[in-house]
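For the single chain, residues carry numbers from 1 onward in sequence order. Because only heavy atoms are used, hydrogens play no part in the values below, and waters and symmetry mates are left out as well, while side chains stay in.
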Amino acid sequence: MKLSKSLLISLTLLVLSLCGCSYGFSGASIDYNTTKTVSIANFFNDAVDGGLPNMGQTFTEDLKGYFQRNTKLELIPSKGDLQFEGAISQYNIAPQAVISSGNQNVADRSGLMRLTIGVEVAFTNVNKEDENFKRTFSFYADYDPQTTSLTTVEPELVSQIFKEIILDIFQQSVAQW
């Protein structure tokens, strides 16, 4: 017996409603009765190896925007029910794949470079202190140095890496999967 797609979806929704299950599409498990505000301090770029000049500000604004889009929390300057602070602590570019030149008189070259960014985050939940943490979140993105330069792809790579790190921070702090 073959069930139609719409019948299968309807049955799934019926079962979920009968069992009392609920799911929010943001993935957040926030008790809005006790947790009403979030404060996100400015993140600074403390990475020794550089990065874009406005990286700290960009990360801070992206993190604020993510929480505003995915929660009902009010963003306040300081002393929120949820508090985030930290710094960009790692900015590293390293070769990942070597391509042989095929000639012993010509040096081998890197066929793939990896940009890794680490962000140290201190999270405080004033209502549930057992959920507090301080840890470093990191992610990476690769690019081909033979077809493009770092300066060309750096803003895009940083944006891509920040999205992944912010998702990890969100899940660790309020989604708790």
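- Between Glu120 and Arg135 there is no salt bridge, since no side-chain N of the basic residue sits under 4.0 Å from a carboxylate O of the acidic one.
- Contact check for Thr58 versus Leu52: no side-chain heavy atoms found under the 4.5 Å cut-off.
- A distance-only check finds a donor-acceptor pair linking the side chain of Asn132 to the backbone of Asn125 [under 3.5 Å].
- The two residues Pro145 and Met113 come nearest to each other via the heavy atoms CG-CG, 3.6 Å.
- Linking ILVMFWY side-chain heavy atoms closer than 4.5 Å, directly or via other members, places Leu75 and Val126 in two distinct hydrophobic clusters.
- Using cut-offs of 30° and 60° for the angle between ring planes, the Phe162 and Phe59 rings count as perpendicular.
- Judged by distance alone, with hydrogens and angles left aside, the side-chain atoms of Asn127 form a donor-acceptor pair with the main-chain N or O of Thr34 at under 3.5 Å.
- Atom NZ of Lys79 sits about 12.0 Å away from atom OG1 of Thr37, to the nearest 0.5 Å.
- A distance of 8.5 Å separates CD1 of Ile117 from CG of Leu157, quoted to the nearest 0.5 Å.
- With hydrogens and angles disregarded, no donor-acceptor distance shorter than 3.5 Å links the side chain of Asn54 to the backbone of Gln57.
- Ionic pairing of Asp81 and Lys36 is not present here: no N-O contact between side-chain nitrogen and carboxylate oxygen is shorter than 4.0 angstrom.
- A distance of 11.0 Å separates CG of Asn42 from CG of Leu63, quoted to the nearest 0.5 Å.
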Chi angles and distances behind the side chain to side chain contact (heavy atoms under 4.5 Å, CB included) call for Phe84, Thr124: CA-CA 7 Å; Phe84 294 89; Thr124 304; over 6 Å; no
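- Without hydrogens or angle criteria, Gln83 side chain to Gly80 main chain gives a donor-acceptor distance under 3.5 Å.
- In this structure a side-chain-to-backbone donor-acceptor pair under 3.5 Å is missing from Tyr143 to Val153.
- Annotation for Gln90: atom CD counts as buried by contact number, over 12 foreign heavy atoms lying within 6.0 Å.
- Ring geometry, Phe170 versus Tyr66: the interplanar angle exceeds 60°, so the pair is classed perpendicular (tilted spans 30 to 60°).
- The hydrophobic clustering, which links ILVMFWY residues whose side-chain heavy atoms are closer than 4.5 Å, places Val38 and Leu167 together.
- In this structure, Leu115 and Ile161 approach most closely via the heavy-atom pair O-CD1, 3.4 Å.
- Linking Ile, Leu, Val, Met, Phe, Trp and Tyr residues whenever their side-chain heavy atoms come within less than 4.5 Å places Leu82 and Phe133 in a single cluster.
- In this structure, Gln172 and Phe137 have side chains that are in contact, with non-hydrogen atoms separated by less than 4.5 Å.
- A pairwise comparison of heavy atoms in Phe43 and Thr60 identifies N-OG1, 2.8 Å as the closest pair.
- Here the closest non-hydrogen pair linking Ser138 and Gly118 is CB-CA, 3.8 Å.
- Once rounded to the nearest 0.5 Å, the distance linking CE of Met55 with CG of Asn45 reads 4.0 Å.
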Side chain to side chain contact (heavy atoms under 4.5 Å, CB included) assessment of Val119 paired with Thr136: CA-CA 5 Å; Val119 180; Thr136 300; 5.9 Å; no
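- Two residues are said to be in side-chain contact when any heavy atoms from C-beta on lie closer than 4.5 Å; Asp46 and Ser89 fail this criterion.
- When every heavy atom of Tyr91 is checked against every heavy atom of Asp49, the shortest pair comes out as O-CB, 3.0 Å.
- Taking CD1 from Ile166 and CD from Glu164, the interatomic distance works out to 10.0 Å, rounded to the nearest 0.5 Å.
- Ser29 places a side-chain N or O within 3.5 Å of a backbone atom of Val174 that can act as its donor or acceptor partner.
- For Tyr140, the OH atom counts as loosely surrounded, since its 6.0 Å shell holds 12 or fewer non-hydrogen atoms of other residues, nucleotides or ligands.
- Between Lys72 and Tyr32, the shortest heavy-atom distance links the atoms N-OH, 3.1 Å.
- We find the OG-CD distance between Ser78 and Glu85 to be 11.0 Å, quoted to the nearest 0.5 Å.
- Contact of the Thr71 side chain with the Ile30 side chain is registered, since non-hydrogen atoms from C-beta on lie closer than 4.5 Å.
- A donor-acceptor pair under 3.5 Å is absent between the side-chain atoms of Ser159 and the main chain of Pro155, judged by distance alone.
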